[in-house]
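First the structure, in the form of structure tokens, and then the observations on it.
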Amino acid sequence: MNNRTFTMIKPDATSKGHTGAILKMINAAGFRIAAMKMTKLSAEKAGQFYAIHKGKPFYDELVTFMSSGPITAAILEKGNAVEDFRKLIGSTDPEKADEGTIRKLFASSIGENAIHGSDSDENAMIEGDFFFSKLEQF
Ligand code: CMP
């Protein structure tokens with residue numbers, strides 16, 4: 001059965017011009033795009049999105065970075081979407097990411113790590129609904 005995950009191509013990958021290459025890898029890995037938009041988060045919105053990390057040492061840096069430039073947000077569909085997408089993007093820290101993963105190819109640090117992927121089906125739904133109305137999810 002197909003299920004869904006949520007992703008953002010982050011400001012570092014956007015500004016370096018990697019959006020097209022990353023979307024090509026996502027399609028090649030068998031994900032269907034169910035929703036997509038390019039947008040820019042305000043600091044307030046970035047803080048809300050990452051509220052689960054509030055209080056952690058990297059939270060302020062994360063909010064500043066995620067609101068520093070445009071991102072591409074998308075809902076992706078595939079069998080085993082959450083787990084398979086996390087394999088495709090690789091470890092949060094690009095130095096620990098496997099060869100051929102999106103973060104190994106495009107991320108420069110644990111903070112500026114090119115792409116986000118939901119960590120559970122429940123969070124995928126919450127995160128997708130944060131960016132897209134039901135009318136924008138296909
Ligand atoms: P993401 O998968 O988007 O979810 C939370 C983000 O917090 C993570 O990617 C990283 O970009 C960031 N993050 C996690 N740990 C650290 C850290 N130790 N220092 C800076 N940023 C971090």
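Since this is a predicted model, take the numbers as computed values, not measurements. Just follow the structure's listing: the first ligand is 1, and inside any ligand the first atom is 1.
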> In Å and rounded to the nearest 0.5 Å, what is the CD1 to OG1 distance from I89 to T101?
Replying inline: 8.5 Å
> Take atom CG in D98; do more than 12 heavy atoms of anything else shown fall under 6.0 Å from it?
Replying inline: no
> When rounded to the nearest 0.5 angstrom, what is the spacing between CD in E112 and CD in E61?
Replying inline: 8.0 Å
> Does the side chain of H18 come within less than 4.5 Å of I9's, by heavy atoms?
Replying inline: no
>> Using the rule side-chain contact (heavy atoms from CB on, under 4.5 Å), only one of T5, D84, V82 pairs with L76; which is it?
In response: T5
> So is I110 polar-close to ligand 1, meaning N/O to N/O under 3.5 Å?
Replying inline: yes
> Under a 4.0 Å N-O cut-off, is there an ion pair linking K134 with D129?
Replying inline: yes
> Counting heavy atoms only, which of F65, F49, Y59, F58 comes nearest to atom 14 (C) of ligand 1?
Replying inline: F58
>> Under 4.0 Å from a heavy atom of H53: which atoms of ligand 1 are those, numbered in the order shown and with their elements?
In response: 5 (C)
> Is there a heavy atom in R103 that sits closer than 4.0 Å to ligand 1?
Replying inline: yes
> Judging by distance only, is a nitrogen or oxygen of E61 under 3.5 angstrom from one on ligand 1?
Replying inline: no
> N/O to N/O below 3.5 Å, does that happen between T92 and ligand 1?
Replying inline: no
> Is the closest heavy atom of Y50 to ligand 1 under 4.0 Å?
Replying inline: yes
> Looking only at heavy atoms of K10, does any of them come nearer than 4.0 Å to an atom of ligand 1?
Replying inline: yes
